[in-house]
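Throughout, protein chains are lettered first and strands after them, A, B, ... in sequence-line order, and every chain is numbered starting at 1.
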There are 2 protein chains.
Amino acid sequence: MKDVAALAGVGLATVSRVINGTPVDPVLAAQVTEAARRLGYRHDPTASSLRRSDRRTRTIGLILEDVANPFSSVLHRAVEDVTRELGLLLLAGSSDEDPERERSLLGAFHARRVDGLIVVPTGRVGDELRAVARQGMPIVCVDRAADLEGVDSVTVDNAEGVADAVRRLHALGHRKIAFLGDQASLWTARRRWEGFVAAMAALGCPLKDGWVRRDLHGEAAGEEAAREILTGETLPTALVTSQNLLTIGARAALQDLGLHHAIAHVGFDDVELANLLTPPLSVIAQDPAALGRRASELLVSRLDGYDGPGRHVVLPTRYLARGSGEIQRLTRHLPRADDPGR
Amino acid sequence: MKDVAALAGVGLATVSRVINGTPVDPVLAAQVTEAARRLGYRHDPTASSLRRSDRRTRTIGLILEDVANPFSSVLHRAVEDVTRELGLLLLAGSSDEDPERERSLLGAFHARRVDGLIVVPTGRVGDELRAVARQGMPIVCVDRAADLEGVDSVTVDNAEGVADAVRRLHALGHRKIAFLGDQASLWTARRRWEGFVAAMAALGCPLKDGWVRRDLHGEAAGEEAAREILTGETLPTALVTSQNLLTIGARAALQDLGLHHAIAHVGFDDVELANLLTPPLSVIAQDPAALGRRASELLVSRLDGYDGPGRHVVLPTRYLARGSGEIQRLTRHLPRADDPGR
DNA sequence: GCGAATCGAGGAAACGTTTCCTCAACCTGC
DNA sequence: GCAGGTTGAGGAAACGTTTCCTCGATTCGC
């Protein structure tokens with residue numbers, strides 16, 4: 001930059017002004033531009049942000065559960081689309097639901113002075129997140145709410161999504177509905193379970209021991225749990241799986257046991273190829289792109305100066321009736337009467 | 001940092017030494033650590049890298065086709081796993097196969113002085129990539145080779161993967177094999193097409209006009225092209241789709257036309273739920289995680305000082321025989337003889 | 001016991017920018 | 001025509017660090 005100033009025959013400050021678009025004599029500006037071109041000068045945003053009064057790095061941090069997870073990566077992309085417009089770069093990392101790893105990413109991003117943070121928080125809100133938020137860093141939590149002063153969140157109505165599915169199954173005659181849930185430490189997993197329990201209670205359906213499985217993580221766990229339920233004494237007539245991989249695992253078990261046409265199945269979160277299965281898989285779909293978009297917008301508003309209390313956006317889920325959830329109750333499996341009392 | 005030095009009663013330089021682990025009087029070190037703790041001091045890697053002699057930012061840039069694409073995101077994750085160990089942060093962006101967008105990301109990452117770059121290059125190697133490479137930035141191309149001095153690459157043996165699938169189909173009696181390919185501007189799409197053409201020629205199978213479709217992009221284009229082929233005068237007995245989304249689109253067409261049990265189908269690149277379809281989808285699988293891992297390792301070796309010529313790693317593909325590719329030639333569909341001459 | 005070599009800490013310059021402040025030149029109004 | 005105001009460019013300090021250099025103190029050899 002010094003060289004550019006020398007070649008253009010102007011002061012350092014003028015070069016800076018030209019670069020930042022501060023009005024300056026057009027003749028000088030042209031000289032500077034030309035000199036910069038000839039010297040192959042490249043502006044250094046890092047040094048710039050060091051001195052700059054607002055300390056903006058034009059970088060934002062994104063902490064996902066796992067960048068490779070389709071849900072996360074679609075969200076990631078939506079965030080990228082919004083931030084790209086503003087010329088912001090994205091620093092991304094995976095927490096793997098590990099609070100310690102979340103802590104370390106949070107620390108690294110904060111130390112690098114990112115302008116803001118979009119986070120899918122692990123479990124309970126950790127101290128690091130609290131500390132970073134307290135220091136005035138704009139933060140938006142996504143997919144899971146975090147009850148922190150001045151922190152926004154965008155979530156999905158998990159409980160209602162599951163409850164809606166349960167009511168639909170009930171309307172088709174199903175009373176014996178099994179449930180597979182992820183680790184109870186996850187905010188979403190708890191909400192979905194609550195939605196299930198509440199809806200079943202509201203419909204007067206008792207919960208059978210062993211038909212409500214929680215703390216399952218990953219495809220294999222889902223398959224095994226489904227297999228146990230489906231090889232039991234009496235079978236449920238419908239199955240709700242409240243997470244991606246659990247859905248896939250359970251479906252594998254259903255197909256393996258030849259029950260995929262007999263037992264209704266609804267999963268939470270859409271999955272590629274779901275509509276090419278036979279029967280096609282019905283799901284409670286979220287819109288990860290919408291989550292990412294809304295979260296980015298909230299963050300951008302904070303970047304633009306909004307400094308009010310946390311805003312909490314809740315997006316609806318959408319039930320996609322494709323077939324597997326529309327299987328009617330199979331009466332021949334049932335004992336004489338479906339007596340909810342026992 | 002100045003405050004820490006003052007509180008600890010030492011010089012600025014000593015604080016820096018403590019932070020960077022340069023040996024220093026243990027008593028002073030303890031004072032510094034304590035002072036830093038009390039003041040809640042956080043080291044600023046940005047300012048650090050500005051002055052530091054090696055100019056390392058401990059950041060690397062990752063340019064993918066689309067972070068939301070499962071292939072890309074799994075690769076992303078593998079890169080993250082390797083770089084995390086080294087305490088490097090990842091700046092990620094999507095090029096969308098748009099050279100201009102690639103240019104802009106490249107420029108932004110370079111300006112921010114990332115220590116290295118892992119890139120899935122769009123089409124031909126652009127000037128920007130060439131320029132950045134020439135300036136000594138360590139670069140590894142992944143998924144697609146780039147013929148640049150001092151630039152490594154990790155790719156998959158695309159041509160052989162497709163050729164292998166064709167030979168397998170041939171062994172099952174198939175002679176009339178259709179092919180769906182992505183945009184010819186893509187390096188991988190060209191290689192896969194070449195593999196198809198070469199294998200067909202080697203086996204003495206003529207290519208029928210209209211059965212080799214290229215320049216298809218996206219699921220809808222795949223479905224439409226497949227539909228056209230499958231509603232033609234004479235039908236192929238097997239179908240090779242050389243990209244993710246084309247595979248899904250083609251499979252949808254096959255199922256919609258009720259031909260999924262009649263016509264063999266092999267896709268390139270594995271896809272979630274493929275094994276739960278009926279028949280399960282056979283694919284030529286790549287290992288995106290391995291691509292990402294190897295690319296990261298090559299980059300790390302350059303970061304560690306390797307400055308030799310570009311190294312080019314080629315990983316094999318793996319054929320996953322699940323069912324759809326093992327459908328035998330359906331003789332009743334064929335006219336009297338399978339006369340390759342006409 | 002003294003000079004030289006060694007060691008380790010402090011001070012200051014430097015990294016590439018922006019911003020404050022100064023100052024020269026020009027313009028305006030009387 | 002001149003005082004005061006306005007405009008706009010240059011010089012220098014500052015951002016938070018690292019590194020070079022200096023210098024005092026300790027140790028070692030003779």
The reported gap from CG in A:Leu298 to CD1 in A:Ile139 (rounded to nearest 0.5 angstrom) is 13.5 Å

Looking only at heavy atoms, the pair that brings B:Val151 and B:Cys141 closest together is CG1-SG, 3.9 Å

Next item on the list: Assess whether atom CZ of B:Arg134 is packed by more than 12 heavy atoms of other residues, nucleotides or ligands within 6.0 Å.
Entry: no

task: Report which part of the nucleic acid B:Val15 touches: base, sugar-phosphate, or nothing (heavy-atom distance under 4.0 Å, all strands).
output: nothing

Using a 4.0 Å heavy-atom cut-off across all strands, classify A:Arg56 as base, sugar-phosphate, or nothing. nothing

Whichever of A:Leu12 and A:Leu28 has the more 5' nearest nucleotide on DNA chain D, that residue is A:Leu28

Legend entry - Sub-4.5 Å side-chain heavy-atom contact between A:Leu64 and A:Phe71: no

Mind checking if A:Ser16 touches a base, just sugar-phosphate, or nothing, with heavy atoms under 4.0 Å?
base

Would you please test A:Arg144 and A:Glu102 for salt bridge (Lys or Arg N to Asp or Glu O under 4.0 Å) and show each step?
-> CA-CA 14 Å; A:Arg144 306 165 191 174; A:Glu102 180 186 55; over 6 Å; no

Students should find that the nucleotides of DNA chain C closing off the region near chain A, any atom under 4.0 angstrom from a heavy atom, are C:dG16 to C:dT19

DNA chain D nearest-nucleotide lookup for B:Arg17 and B:Tyr41: closer to the 5′ end is B:Tyr41

Between B:Pro23 and A:Ala13, the residue closer to the 5' end of DNA chain C by nearest nucleotide is B:Pro23

Validation: residues 286-297 of chain B side-chain donor-acceptor distances under 3.5 Å, sequence neighbours left out:
from, atom 1, to, atom 2, distance (Å)
B:Asp287, OD1, B:Ala289, N, 3.3
B:Asp287, OD1, B:Ala290, N, 3.2
B:Arg294, NH1, B:Glu297, OE1, 3.1
B:Ser296, OG, B:Gly292, O, 2.6

